Amino acid sequence: MTPSPKQVALVTGANKGIGFEVARRIAKSGYVVLLGARNPAAGGEAADTLRREGLDVRFVELDVTRMEVIRAAAARIEVDFGRLDVLVNNAGIADPNDGPPTRASVDAIERVLRTNFLGVVAMTQAVLPLLRKSVAGRIVNVSSDLGSITRHGDPTWKYAQVKILGYGASKAALNMFTVQLAFELNDQGIAVNSVNPGFTSTDLNAHRGRQTVEEGAAEIVRVALQEHGPSGKFLETGGELLW
């Protein structure tokens with residue numbers, strides 16, 4: 001293994017939507033981008049599309065709910081590159097049986113938490129030794145303002161009526177992970193932040209979102225590319241959010 005002269009970024013859930021656009025933009029900044037996706041056909045096709053644009057993008061099979069797949073991906077990155085500079089934890093799901101607290105299916109809540117929260121923890125722990133080898137490691141957790149307890153407690157908030165227990169809880173838990181991990185890694189040169197992309201038109205919300213994927217990806221990419229930047233923050237385009 002010869003260390004890559006380029007910086008290396010891993011984006012999970014990157015075969016479509018915001019993740020795909022994040023992978024594209026980071027690659028356009030001169031990085032090697034590892035495009036993580038659980039479906040090999042879809043992930044390979046997405047990586048091929050970006051390579052046809054002249055970008056250094058490589059598909060990595062990655063299902064954040066399966067530890068053996070996570071470990072295999074981390075081992076492959078170790079062999080191929082010897083380090084990781086950026087991890088964008090973008091993979092996430094919604095479940096049609098999720099919903100308000102009195103009606104949300106417990107099984108649906110569990111499925112959402114398994115991917116959106118526990119999957120992020122597992123993924124991050126697996127590649128942390130590789131991030132420690134970077135001179136400016138960065139972890140970006142793709143969150144949502146639906147995970148802000150402060151905003152949910154404000155009846156005047158524009159999305160105050162959107163109560164989806166499992167999804168909101170998964171992003172609130174993700175934010176807790178961000179805060180605690182940033183504290184733990186404070187003296188290790190690895191920045192950890194949550195980013196709210198905003199209500200973006202993707203498959204996750206049946207394309208009801210009001211933003212384009214380009215708009216949704218913008219803050220994620222900015223934070224991912226920022227070396228030696230702030231850590232332990234909850235950010236969105238235009239500023240910082242309350243937890």
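Because the structure is a prediction, the values reported are computed rather than measured.
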What residues, two or more places apart in sequence or in another chain, satisfy side-chain contact (heavy atoms from CB on, under 4.5 Å) together with [X]?
{"X": "Pro230", "result": "Gln226, Lys233"}
{"X": "Thr65", "result": "Asp63, Arg114, Thr115"}
{"X": "Ala75", "result": "none"}
{"X": "Arg52", "result": "Asp48, Thr49"}

N/O donor-acceptor pair under 3.5 Å between [X] side chain and [Y] backbone:
{"X": "Arg51", "Y": "Val57", "result": "yes"}
{"X": "Thr12", "Y": "Ala91", "result": "yes"}
{"X": "Ser134", "Y": "Leu130", "result": "no"}
{"X": "Asn116", "Y": "Ile93", "result": "yes"}
{"X": "Glu45", "Y": "Ala42", "result": "no"}
{"X": "Asn193", "Y": "Val140", "result": "no"}
{"X": "Arg58", "Y": "Asp56", "result": "no"}
{"X": "Asn15", "Y": "Ala37", "result": "no"}

- Item | CA sep, side-chain torsions, deciding dist, call: Asp145, Tyr159, side-chain contact (heavy atoms from CB on, under 4.5 Å) | CA-CA 9 Å; Asp145 52 357; Tyr159 297 125; 4.0 Å; yes
- prompt: Would Ser143 and Ser194 count as having a side-chain donor-acceptor pair, cut-off 3.5 Å?
  reply: no
Indicate whether any N or O donor in one side chain lies under 3.5 Å from an N or O acceptor in the other, for Ser105 and Asn97. no
When you group the ILVMFWY residues by side-chain heavy-atom contacts below 4.5 Å and let the links chain together, are [Y] and [X] in the same group?
{"X": "Leu128", "Y": "Val60", "answer": "yes"}
{"X": "Ile18", "Y": "Phe234", "answer": "no"}
{"X": "Leu181", "Y": "Leu118", "answer": "yes"}
{"X": "Ile149", "Y": "Val112", "answer": "no"}

Using a 6.0 Å cut-off, check whether atom CE of Met176 has over 12 heavy atoms from anything other than its own residue. no
Is it true that, when you exclude Glu68 itself, more than 12 heavy atoms of the residues, nucleotides or ligands shown sit nearer than 6.0 Å to its CD? yes
Are the side chains of [Y] and [X] in contact, using a 4.5 Å heavy-atom criterion?
{"X": "Leu146", "Y": "Lys171", "value": "no"}
{"X": "Asn90", "Y": "Val22", "value": "no"}
{"X": "Val88", "Y": "Ile26", "value": "yes"}
{"X": "Val11", "Y": "Leu35", "value": "no"}
{"X": "Leu113", "Y": "Glu110", "value": "no"}

Working to the nearest 0.5 angstrom, can you tell me the gap between [X] [atom1] and [Y] [atom2]?
{"X": "Ile139", "Y": "Leu185", "atom1": "CD1", "atom2": "CG", "result": "6.0 Å"}
{"X": "Glu61", "Y": "Ile70", "atom1": "CD", "atom2": "CD1", "result": "12.0 Å"}
{"X": "Leu62", "Y": "Leu10", "atom1": "CG", "atom2": "CG", "result": "6.0 Å"}
{"X": "Tyr31", "Y": "Arg25", "atom1": "OH", "atom2": "CZ", "result": "15.0 Å"}
{"X": "Thr178", "Y": "Asn141", "atom1": "OG1", "atom2": "CG", "result": "3.5 Å"}
{"X": "Phe20", "Y": "Leu50", "atom1": "CZ", "atom2": "CG", "result": "4.0 Å"}

Residues joined to Phe183 in its hydrophobic cluster, side chain to side chain under 4.5 Å directly or through other members, sorted by chain and number, are none
Grouping ILVMFWY residues whenever side-chain heavy atoms fall under 4.5 Å, the cluster of Val106 otherwise contains none
Residues pairing under side-chain hydrogen bond (donor to acceptor under 3.5 Å, both in side chains) where one sits in residues 181-190, two or more places apart or in two chains, turn out to be Arg132-Gln188
Contacts table for residues 236-243: side-chain donor-acceptor under 3.5 angstrom, sequence neighbours left out:
residue: Glu236; atom: OE1; partner: Asn196; partner atom: ND2; Å: 2.9
residue: Glu236; atom: OE2; partner: Arg151; partner atom: NH2; Å: 3.3

Just distance, no hydrogens or angles: give the donor-acceptor pairs under 3.5 Å from side chains in residues 216-225, sequence neighbours left out.
residue: Glu219; atom: OE1; partner: Arg222; partner atom: NE; Å: 3.0
residue: Glu219; atom: OE2; partner: Arg222; partner atom: NE; Å: 3.3
residue: Glu219; atom: OE2; partner: Arg222; partner atom: NH2; Å: 2.8

Contacts of Arg24 meeting salt bridge (Lys or Arg N to Asp or Glu O under 4.0 Å) (sequence neighbours excluded), chain-then-number -> Glu21, Glu53
Shortest non-hydrogen pair, Ala23 vs Ala14, comes out as CB-CB, 4.4 Å
Result for side-chain contact (heavy atoms from CB on, under 4.5 Å) between Met123 and one of Val121, Val120, Val127 points to Val127
The complete set of ring-ring contact (aromatic ring centres under 6.0 Å, His included) pairs with one or both residues in residues 104-154, sequence neighbours excluded, reads His152-Trp157
With sequence neighbours left out, the residues meeting side chain to side chain donor-acceptor pair (under 3.5 Å) with Ser231 are none
| Lys133 and Glu78: side-chain contact (heavy atoms from CB on, under 4.5 Å), yes or no, with the steps? | CA-CA 10 Å; Lys133 295 179 181 180; Glu78 171 74 44; 3.2 Å; yes
